[in-house]
Amino acid sequence: MFDETHSSAPPEGAPEARDEAPLDAYSRVVSAVADQVGPAVVRVESRRPGRRGGLGSGVVIAGDGLVLTNSHVVAGARRVRLGMAEGGDTDAEVLGDDPATDLALLRAELPRRAVAAVLEDSKVLKRGHLVVGIGNPLGFESTVTAGIVSALGRSLRSQSGRLIDDVIQTDAALNPGNSGGPLVAASGRVVGINTAMIAGAQGLAFAVSSNTARFVIGEFIAHGRVRRAHLGIAAQTVPLARRIALATQSGTHGVRVGEVMAGGPAELAGLRVGDIIVALDGIMVAGADDLLRLLNADRIGHAVQVSLLRDGRRVTRTVTAQERVQPASASGSPG
C-alpha cells in the first residue's frame, strides 16, 4: 500500500535539502543584522548657504546622541540635519571633523531609548568574512546590502587628495548616499564606516575601520580635533610569513610602505617603498591602525625609532615625525 506520510518529503541528500540550509543561514544572518543595527542608521544632510551640501548616512554609537558619519558628508558644516530611521528629523552639532580619516562626530537630541550600534575590534576581520552595509543610497532609505571582506589594511586616496590608512575593502554594493553608514559584521557589531566607491568598478567599495574610528572619536571628545604625527608614507597591512616573523622576532603582520611622500620625514630618513614596518619605538606594529594610534600628538617633532624589514633583514631607521596638517574640509559631493 502507498504510504502518504513520505510522499511530500524530498529524499535525504536531494538538491532541495542541500541548498536550503546554507541559503537560510545566510539570510538569517543578514536579516538579523539589519533588524539589530538598522534602527541606529540615520540620514545626514548638510546645507551651507552658497555651497553644495552633503547627503549621506550616519550611525548612532551612543544613546545620549553621538552619531558617526563621514567628513565629506558633513561638508564643512557646523550643524546638519538628521533623519531618523523610525521617522522624524532633528538637528545635530558637528563635534569633530577629520578629513584625514574622512570621519566626523555629531551630537543630537535623540528620542528616548534610541538604538545605538556597538563598535567592534576591526582586527577580528579576515578576508572572506560576511559584512552588511546599511545606509541611504541614492535617497532610498534603510537599504541593506551584503558581501564579503575582499581585503584589509588598504590605503585609499580620496578625491580631495587625502590619504586614508587602514581601510577595509568589500564587495558589498555601495552607492552615493551609503557614505557614513555602518559596515557590520555577522556579530551585529560595526567594523567600519562606509566611505567610498570607485566609479566604474564592479564590486569594489571601501570603509574606514572601526579601530581607526575609535581613535578619532577619542580625540574628538578629548580635544575637539585630531592632532597626530605622521611619517609621510602610504601604509598597508600585510601578513608576514611565519619563518620571517620568527627569524626577525616580528609579529604575524606588519605595515608595508606603499608610497613615500617627496620631502617628507620617511624619505629624509631613508625609508623606501616595499619596507615593512614592524615596530615603532620598540612597540610592535601589527597593522595600519596600530601605526595611526602610535603616531599621536606626543610624537610630533620627536625622533621615532622605526624597525622595519628590508631584504629579509630587520633594520632600524630614525624618523623625525611631523604634525599632519589638517586640510580644510572639502565641500564634498553627495555620498
**Message:** Is there a side chain to side chain contact (heavy atoms under 4.5 Å, CB included) between V315 and L308? Walk through the geometry before answering.
**Reply:** CA-CA 6 Å; V315 298; L308 52 90; 3.1 Å; yes
**Prompt:** OG1 of T101 to CG of L103: how many Å apart, nearest 0.5 Å?
**Reply:** 4.0 Å
**Fill in**
I300 and R227 have their tightest heavy-atom pair at CD1-NH2, 3.5 Å
**Prompt:** Does a donor on one side chain and an acceptor on the other come within less than 3.5 Å for Q236 and R256?
**Reply:** no
**Asked** What do the steps show when you test T195 against D102 for side chain to side chain donor-acceptor pair (under 3.5 Å), and what is the final call?
**Response** CA-CA 7 Å; T195 188; D102 198 21; 2.4 Å; yes
**Asked** Do the non-hydrogen side-chain atoms of R43 and D89 ever get within less than 4.5 Å of each other?
**Response** yes
**Asked** Which pair of heavy atoms, one from V260 and one from V273, lies closest together, and at what distance?
**Response** CG2-N, 3.9 Å
**Message:** One thing to verify: whether D289 and R214 come together as a salt bridge, which I'm taking to mean a side-chain N less than 4.0 angstrom from a carboxylate O.
**Reply:** no
**Prompt:** Mind checking whether M261 and I233 have side chains closer than 4.5 Å, heavy atoms only?
**Reply:** no
**Request:** State, yes or no, whether a side-chain contact exists between L95 and L66 at a heavy-atom distance under 4.5 Å.
**Result:** yes
**Ionic contact status for R272 with D275, cut-off 4.0 Å** = no
**Request:** Decide whether V124 and V238 are clustered together by the hydrophobic rule: side chain heavy atoms of Ile, Leu, Val, Met, Phe, Trp, Tyr closer than 4.5 Å, transitively.
**Result:** no
**Item:** In one Ile/Leu/Val/Met/Phe/Trp/Tyr side-chain cluster, 4.5 Å: V257, V278
**Value:** no
**Message:** Let me confirm one number: the CZ-CD distance from R127 to Q169, rounded to the nearest 0.5 Å.
**Reply:** 10.5 Å
**Message:** Distance check, rounded to the nearest 0.5 Å: E45 atom CD versus D91 atom CG?
**Reply:** 11.0 Å
**Message:** Applying side chain to side chain donor-acceptor pair (under 3.5 Å), can you list everything that pairs with Q36, at least two apart in sequence or on another chain?
**Reply:** none
**Message:** Hydrophobic clustering (ILVMFWY, side-chain heavy atoms < 4.5 Å, transitive) - are V37 and V30 grouped together?
**Reply:** yes
**Spacing of CG belonging to L291 relative to CD1 belonging to I283, to within rounding of 0.5 Å** = 11.5 Å
**Asked** With no hydrogens and no angle check, is any side-chain donor or acceptor of H223 less than 3.5 Å from a backbone partner on R225?
**Response** no
**Message:** Take a 6.0 Å sphere around CD of Q305 and say whether it holds more than 12 heavy atoms from other residues, nucleotides or ligands.
**Reply:** yes
**Request:** To the nearest 0.5 angstrom, please state how far the OG1 atom of T237 sits from the CZ atom of R154.
**Result:** 10.5 Å
**Test item: N194 side-chain N/O and P182 main-chain N/O as donor-acceptor pair under 3.5 Å** = yes
**Item:** Cluster overlap L231 with L268, hydrophobic side-chain contacts below 4.5 Å
**Value:** no
**Prompt:** Closest approach of L174 and A205, non-hydrogen atoms and distance?
**Reply:** CD1-CB, 3.4 Å
**Asked** Are S71 and D98 linked by a side-chain donor-acceptor pair shorter than 3.5 Å?
**Response** no
**Request:** Give the minimum heavy-atom separation between L55 and V73, together with the two atoms involved.
**Result:** C-CG1, 4.2 Å
**Item:** Contacts of T248 that satisfy side chain to side chain contact (heavy atoms under 4.5 Å, CB included) - sequence neighbours left out
**Value:** I244, S250, L309, R314
**Asked** Below 4.5 Å, heavy atoms only, C-beta onward: do T320 and V304 meet side chain to side chain?
**Response** no
**Request:** Examine I276 and L280 and state if one hydrophobic cluster contains both, with Ile, Leu, Val, Met, Phe, Trp and Tyr joined whenever side-chain heavy atoms are less than 4.5 Å apart.
**Result:** no
**Request:** Give the intermediate values and the outcome of side chain to side chain contact (heavy atoms under 4.5 Å, CB included) for residues E93 and V80.
**Result:** CA-CA 7 Å; E93 174 191 4; V80 297; over 6 Å; no
**Request:** Compute whether any side-chain donor of one residue and acceptor of the other, for D166 and T212, lie under 3.5 angstrom apart.
**Result:** yes
**Request:** Apply the side-chain hydrogen bond (donor to acceptor under 3.5 Å, both in side chains) test between S57 and each candidate in N136, T143, T69, N70; give the one that qualifies.
**Result:** N136
**Asked** Within a strict 4.5 Å, meaning less than it, do heavy atoms of the L82 and L106 side chains meet?
**Response** yes
**Request:** Decide side chain to side chain donor-acceptor pair (under 3.5 Å) for D24 and S27; before the verdict, give the C-alpha distance in whole Å, the side-chain angles of both, and the deciding distance to 0.1 Å.
**Result:** CA-CA 5 Å; D24 282 352; S27 299; 5.2 Å; no
**Asked** With a 4.5 Å limit on heavy-atom distance, are the side chains of L295 and R228 in contact?
**Response** no
**Request:** Search all heavy atoms of F220 against all heavy atoms of V226 and return the closest pair with its distance.
**Result:** CE2-CG2, 3.8 Å
**Short side-chain to backbone donor-acceptor contact, D171 and L204, under 3.5 Å** = no
**Closest non-hydrogen atom pair, L130 against Y26** = CD1-CE1, 3.7 Å
**Fill in**
side chain to side chain contact (heavy atoms under 4.5 Å, CB included) test vs I61 passes for just one of L105, V67, V190, namely L105
Side-chain donor-acceptor pairs under 3.5 Å in residues 109-121, sequence neighbours left out?
| from | atom 1 | to | atom 2 | distance (Å) |
| --- | --- | --- | --- | --- |
| D121 | OD1 | K123 | N | 3.0 |
| D121 | OD1 | N211 | ND2 | 2.9 |

**Request:** Only counting residues at least two apart or in another chain, list the ones meeting side chain to side chain donor-acceptor pair (under 3.5 Å) with T145.
**Result:** none
**Prompt:** Are any side-chain N or O atoms of R293 and backbone N or O atoms of F215, one a donor and one an acceptor, separated by less than 3.5 Å?
**Reply:** no
**Prompt:** Got a second to check how far R310's CZ is from I277's CD1, nearest 0.5 Å?
**Reply:** 10.5 Å
**Message:** Apply the hydrophobic cluster definition, ILVMFWY joined by side-chain contacts under 4.5 Å directly or through others, and give me every member besides V149.
**Reply:** L125, V131, L152, I168, L183, V191
**Prompt:** Quick check: are there more than 12 heavy atoms from other residues, nucleotides or ligands sitting under 6.0 Å from CZ of R189?
**Reply:** no
**Asked** Taking only residues two or more places apart in sequence, or in another chain, which ones meet D35 in a side chain to side chain donor-acceptor pair (under 3.5 Å)?
**Response** none
